[in-house]
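A quick write-up on the structure given underneath.
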Amino acid sequence: MNYAESLIYLDELNTFGIRLGLARMEELCARLGNPERSYQTVHIAGTNGKGSVTQMLDAVCRAAGIRSGRYLSPHLISYTERMSVGGHDISEEAFAALLTRVRTAADAMVTAGHEHPTQFEALTALAFLYFAEEQVDVAVIETGLGGLLDSTNVIEPMLTIITNVAMDHADRCGGTLVGIAEHKAGIIKEGVPVITAATGEPLAIIEQRAEELGADVFVWGEDFSAEMQRCSAGGQQVAFHSLVCRESEPYPLALAGGYQAENAALVIMAAKLLEREDTRFTEAALRAGLRSVRHPARFEILAHTDGNIVIDGAHNPAGMQALRAGLDCYFPDAPRVFLLGILKDKDIDAMLAALLRPGDQVVTVRPNSERAAGADVVAAVAAGMGADTVACADRQAGLAEAQRRARACGAVLVVAGSLYLVGGIRALLTAGR
C-alpha cells in the first residue's frame, strides 16, 4: 500500500469499532515477531496529562542522547504524528510500508480463525514495529483508552506512570470512578515502579494493586510535588520538591498552563528514577528536555494579529477545569471568546460549568468525528448558563465568527472541547507560517 491506500485501509478498520481486550493484540504482535520486546519501554496512562508527560519524557530521552520512540493518540492532522523516533514523525512512506506488513499479519489472523484487529490495534502494532526497525533504546508509550485492556498493555515496561484519574470514558471502563481507576491500575506490572498523581479512592486502588505486585509507588503530594513559580507566553518556571531534595529546585518548562507543573513533576521524578538504571538520564539532560519540549494544542498560546489565541485539547470536566485555571492565571482580566466543539459521549454540562465564567461568549461548531455533538446542542447548554452563544454550520464559519467577536471586544480567543476540533482549527490558524 501507498500512504493514500493506507488511509483507506484504516478507515475500513473503523467498522470493527473499539473492542477492548488483549487477545487480538497478542496474536498480532506474535505474528510480527513481538517487536515490542526489542527495546525498553515506559508506559503512561491517566485521564488527563498523559500526552504531555509522554512528550516531555521523550524530549528528556533525546536530550540525554538516548534513541527514543514516542507513541501517542489521537493525532491532530495526520496519523504520522502518532509515532516518532528521535523527535521526527514517521514518514508517510514508512507508515504505509509498515502498515502493509501489519495488514498481512492481520489477514493471516482472520484466515486462521481469529478476530480481525481493530484500527487502534493495527496502529499500535505499526508503532511497535517501527520502533524495532529503527532500533530505539527506549519507547515512551501512551495508552489509548483505560489501561488494563488497552492495546498497548502487552508491553513489559521498566517504569509505569499514571498521571491522574477522573471521570472520562466511563462507559468503557466500568461506569464509575472506581472502575476507571481499576482500568488505569491495570498497566502496573510486577516489580515495576509506579509514579502517579492520582488522589483519593483511585490512589488507594493504584496503591493496592502495586502492593499486590510488589511495585514501589511514588505519589504526587506525598513523595514529590511541583508548583508554577511564574508564567510567561513562552512557558513557565516550575518549582519541584521531593523527599530527597532539601530545597525546591526550579526548572524552566517550555509548555504553558499551570496544570503542566504537575505533569512536569511526574517527568522529573521519572528521570530521577531512570537515572538509577541509566546514567545518561542526567540533571542536565532533564533540564534541556523540559526547556525544549513541544506539545501542540495543549494550552498553546499563539500570538496572532488580532490578539492572543489559546488552543487546548481539553475534552472532559477535569481538563476544562485545568484550562479555566490556566486562563485565569495567564489572562486574568481579558474578555474571553470560546470556539467549542464537543463529542456527544462527554459530560457537556459539567465541562461548560467548569470552563465558563459570567460574560464569556461562546461559538460552537461540530468536531470532525462521528461521535460529535451537534453545534446547536452545545450552544443550548452554554446559553442555558448565561453565555452569549451562537452555533455555526462549519469550522471555517465558526472560526470567522469567533475571531470577529474577539476583535470587537479585545478578547482572548480560546479553542477547546475536543482534539477532533482543535487540530483542524490550529491548521487554519497556522497556515502559511
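Distance alone, capped at 3.5 Å, places no donor-acceptor pair between the D312 side chain and the R298 backbone. In this structure, the side chain of E81 does not engage the main chain of D89 through any donor-acceptor pair within 3.5 Å. Under the 3.5 Å distance criterion, the side-chain polar atoms of K50 are matched with a main-chain donor or acceptor of G46. In this structure a side-chain-to-backbone donor-acceptor pair under 3.5 Å is missing from H114 to A112. With hydrogens and angles disregarded, no donor-acceptor distance shorter than 3.5 Å links the side chain of E222 to the backbone of V219. Side chain of D150 to main chain of T152: a donor-acceptor pair is present (N/O by atom type, distance under 3.5 Å, no hydrogens or angles). Panel note: side chain N316, backbone G319; a donor-acceptor pair is recorded below 3.5 Å. In this structure, the side chain of T364 engages the main chain of A375 through a donor-acceptor pair within 3.5 Å. Put simply, the side chain of Q321 never gets that close to the backbone of A318: no donor and acceptor are under 3.5 Å apart. One N or O on the side chain of T104 and one on the backbone of T100 form a donor-acceptor pair closer than 3.5 Å.
Taking the centre and axis of the six-membered ring of Y251, the NZ or CZ atom of R287 falls inside the cone set by 45° and 6.0 Å.
Between Y39 and F131, the ring planes are perpendicular. Angles over 60° get that label, and only those under 30° would be called parallel.
Inspection of the S52 and Q260 side chains reveals an N or O donor paired with an N or O acceptor under 3.5 Å. There is no side-chain donor-acceptor pair under 3.5 Å between N14 and E12. A donor-acceptor pair shorter than 3.5 Å cannot be found between the side chains of T143 and H43. Side-chain atoms of S84 and R70 include a donor-acceptor pair closer than 3.5 Å. Judged by distance alone, the side chains of N164 and N48 never bring a donor and an acceptor atom under 3.5 Å apart.
Looking at heavy atoms from C-beta onward, Y9 lies out of side-chain contact with V102 at the 4.5 angstrom threshold. Side-chain contact between R209 and V194 is absent, with no heavy-atom pair separated by less than 4.5 Å. At least one side-chain heavy atom of L57 sits under 4.5 Å from a side-chain heavy atom of V42. Taking 4.5 Å as the limit, every side-chain heavy atom of T41 sits out of range of all side-chain heavy atoms of F128. Side-chain contact between V165 and L203: absent, with no pair of heavy atoms (C-beta onward) separated by less than 4.5 Å. Residues L286 and L290 meet the side-chain proximity criterion, which asks for heavy atoms closer than 4.5 Å. At a threshold of 4.5 Å between non-hydrogen side-chain atoms, the residues I311 and I425 do not count as touching. Side chains of I206 and I162 form a contact here, defined as non-hydrogen atoms less than 4.5 Å apart.
By the 6.0 Å contact criterion, CD on Q396 is enclosed, its count of non-hydrogen atoms from other residues, nucleotides or ligands being greater than 12. In this structure, E211 places its CD atom where only 12 or fewer heavy-atom neighbours from other residues, nucleotides or ligands lie under 6.0 Å away. Counted within 6.0 Å of CD on E26, heavy atoms from surrounding residues, nucleotides or ligands total more than 12; the atom is thus considered enclosed. Annotation for Q403: atom CD counts as buried by contact number, over 12 foreign heavy atoms lying within 6.0 Å.
Salt-bridge annotation for D137 and R280: present, with a side-chain N of the basic residue lying under 4.0 Å from a carboxylate O of the acidic one. Using a cut-off of 4.0 Å between Lys/Arg side-chain N and Asp/Glu carboxylate O, D328 and R336 are scored as salt-bridged. We find that E27 and R24 are not joined by a salt bridge, their nearest charged nitrogen and carboxylate oxygen being 4.0 Å or further apart.
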Can you list the steps and then say if Y130 with Y71 is a ring pair (Phe, Tyr, Trp, His ring centres under 6.0 Å)? CA-CA 10 Å; Y130 177 52; Y71 180 57; over 10 Å; no

Between V310 and L327, does a side chain to side chain contact (heavy atoms under 4.5 Å, CB included) hold up when you go through it step by step? CA-CA 9 Å; V310 176; L327 293 171; 4.2 Å; yes

Step-by-step side chain to side chain contact (heavy atoms under 4.5 Å, CB included) determination, C392 to V363: CA-CA 7 Å; C392 291; V363 179; 3.7 Å; yes

With salt bridge (charged side-chain N to carboxylate O under 4.0 Å, His left out) as the criterion, how do E5 and R103 come out once you've worked through the C-alpha distance, each side chain's angles and the decisive distance to 0.1 Å? CA-CA 12 Å; E5 291 167 338; R103 181 178 186 174; over 6 Å; no

Worked check of side-chain hydrogen bond (donor to acceptor under 3.5 Å, both in side chains) between S68 and D58: CA-CA 7 Å; S68 62; D58 178 50; 2.7 Å; yes

Side chain to side chain contact (heavy atoms under 4.5 Å, CB included) assessment of I195 paired with L159: CA-CA 8 Å; I195 302 172; L159 179 66; 4.1 Å; yes

Take L343 and H315 through the side chain to side chain contact (heavy atoms under 4.5 Å, CB included) test and state the conclusion after the steps. CA-CA 8 Å; L343 302 185; H315 55 274; over 6 Å; no

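Aromatic rings of F95 and Y3 (six-membered ring for Trp) have centroids within the 6.0 Å cut-off, being under it.
One finds the CG atom of D11 at 11.5 Å from the OG atom of S6 (value rounded to the nearest 0.5 Å). One finds the OG1 atom of T124 at 11.5 Å from the CG atom of N153 (value rounded to the nearest 0.5 Å).
Qualifying side chain to side chain donor-acceptor pair (under 3.5 Å) partners for R67, counting only residues two or more places apart in sequence or in other chains: E134. Taking the side chain to side chain donor-acceptor pair (under 3.5 Å) definition, one finds that Y79 meets it with Q119, sequence neighbours left out.
The heavy-atom pair separating H75 from S78 by the smallest distance is CB-O, 3.0 Å. Taking all atoms of both residues into account, the shortest heavy-atom contact from A125 to L32 is CB-CD1, 3.9 Å.
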